[in-house]
Amino acid sequence: MMQKTLDFPTYFTTLRDNMERTLDPSFQTVRNVSVNDRLTALHVWFDSLAEQKLLGVIPIGGSTLHSHEHRLLFSVPCFDRAALDDWWNYALALQKTLVHPDPSHQFSLISLILVCGSCEPAALRRLTWRSSSVNYHSPQSGWSEIRFAVIDASTGKISANRAAAPLVTLLRPVQP
């Protein structure tokens with residue numbers, strides 16, 4: 001029996017289009033944009049603004065609370081341990097440049113999604129243990145976290161760090 005070869009460009013484009021089509025309307029999208037000097041196929045984000053309330057009920061006026069998420073989709077030919085280190089350092093840099101904590105900041109999520117033609121199992125195992133959660137202290141407030149997922153296009157398997165469990169749930173139904 002002949003094994004079917006993966007048409008990676010079609011797989012990646014279909015996944016990107018499915019992700020974009022199923023987004024909540026509160027997200028904004030842009031394709032093929034450079035973010036921190038890397039070209040992302042899709043950058044989606046939301047900015048949530050909410051009036052500050054006492055006990056969650058009584059508006060107190062003044063500052064507006066804000067929360068954010070950035071999801072970035074990249075195509076990567078091969079995911080190995082060197083790629084894991086490189087992309088993790090990139091995610092840490094994103095956490096520093098895309099998160100803008102201030103006294104009204106609640107949280108920010110940096111969600112990095114890599115679609116790979118091939119994956120090294122050892123790199124995927126190491127990914128599970130990577131984490132970066134930052135709590136901001138006065139005068140800043142809130143927290144930020146990196147969610148990191150890798151999709152092996154050849155098998156359809158999604159591997160992720162622990163923080164990315166909700167992201168994996170969102171990615172499963174959009175796979176081609």
Side-chain angles (χ1 to χ4, degrees), residues 11-12 15-50 65-76 78-101 105-116 119-136 140-153 155-176:
Y11 179 92
F12 183 80
L15 184 124
R16 181 205 59 205
D17 293 347
N18 290 347
M19 279 181 60
E20 199 169 16
R21 188 174 17 77
T22 60
L23 280 173
D24 183 278
S26 61
F27 279 88
Q28 299 176 53
T29 66
V30 65
R31 288 184 179 189
N32 304 322
V33 64
S34 179
V35 179
N36 273 28
D37 298 325
R38 292 196 185 183
L39 185 64
T40 178
L42 184 64
H43 178 194
V44 301
W45 69 95
F46 80 83
D47 299 310
S48 172
L49 303 173
L65 300 173
H66 57 92
S67 304
H68 315 276
E69 181 181 3
H70 294 270
R71 291 183 198 162
L72 296 102
L73 177 69
F74 293 93
S75 169
V76 178
C78 177
F79 187 76
D80 56 15
R81 288 171 63 172
L84 170 61
D85 291 340
D86 178 54
W87 283 101
W88 184 256
N89 288 331
Y90 176 71
L92 291 171
L94 287 174
Q95 191 175 31
K96 288 179 182 171
T97 59
L98 294 179
V99 177
H100 304 287
H105 178 249
Q106 288 186 302
F107 69 87
S108 294
L109 299 171
I110 304 300
S111 299
L112 197 63
I113 305 159
L114 306 181
V115 181
C116 306
C119 295
E120 183 181 278
L124 296 175
R125 283 191 301 275
R126 286 176 174 258
L127 168 61
T128 305
W129 300 105
R130 297 283 174 114
S131 70
S132 178
S133 185
V134 178
N135 290 311
Y136 301 100
Q140 303 168 337
S141 71
W143 55 275
S144 68
E145 190 165 55
I146 295 174
R147 302 187 320 174
F148 194 121
V150 174
I151 301 172
D152 184 341
T155 64
K157 182 179 179 196
I158 303 172
S159 300
N161 68 345
R162 292 176 191 255
L167 184 60
V168 171
T169 301
L170 293 171
L171 292 172
R172 277 195 184 109
V174 301
Q175 286 186 285

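Everything numeric in this text was worked out from a predicted model, so none of it was measured.
- Under a 3.5 Å cut-off, the side chain of D86 and the backbone N or O of A82 do not form any donor-acceptor pair.
- Ring to ring, H105 and H100 are not that close: their centroids are 6.0 angstrom or more apart.
- Heavy-atom minimum distance, V168 versus A160: CG2-CB, 3.6 Å.
- Here W87 and F74 bring their ring centres to under 6.0 angstrom of each other.
- Between E145 and F107 there is no side-chain heavy-atom pair separated by less than 4.5 Å.
- Taking OG of S26 as the start and CG of D24 as the end, the distance is 3.5 Å to the nearest 0.5 Å.
- Taking 4.5 Å as the limit, every side-chain heavy atom of W143 sits out of range of all side-chain heavy atoms of V99.
- One N or O on the side chain of N161 and one on the backbone of I146 form a donor-acceptor pair closer than 3.5 Å.
- Side-chain atoms of Q175 come within 3.5 Å of backbone atoms of G156 as a donor-acceptor pair (strictly under, hydrogens ignored).
- The closest side-chain heavy-atom distance from W45 to V30 is below 4.5 Å.
- In this structure the side chain of R71 reaches within 4.5 angstrom of the side chain of L167, judged on heavy atoms.
- Taking the ring axis of F148 as reference, the NZ or CZ atom of R130 does not stay both within 45° of it and closer than 6.0 Å to the ring centre.
- Rounded to the nearest 0.5 Å, atoms CG (L127) and CZ (R125) are 12.0 Å apart.
- Considering NZ of K96 and OG of S144, their distance stands at 11.0 Å, rounded to 0.5 Å.
- Considering CG of L124 and CD1 of I158, their distance stands at 12.0 Å, rounded to 0.5 Å.
- Considering only heavy atoms from C-beta on, M19 comes within 4.5 Å of L171 through its side chain.
- Considering only heavy atoms from C-beta on, S131 stays 4.5 Å or farther from R162 through its side chain.
- P176 and Y11 get closest at one heavy-atom pair: CG-O, 3.4 Å.
- Of the inter-residue distances, the one linking H43 atom NE2 with L73 atom CG reads 11.5 Å to the nearest 0.5 angstrom.
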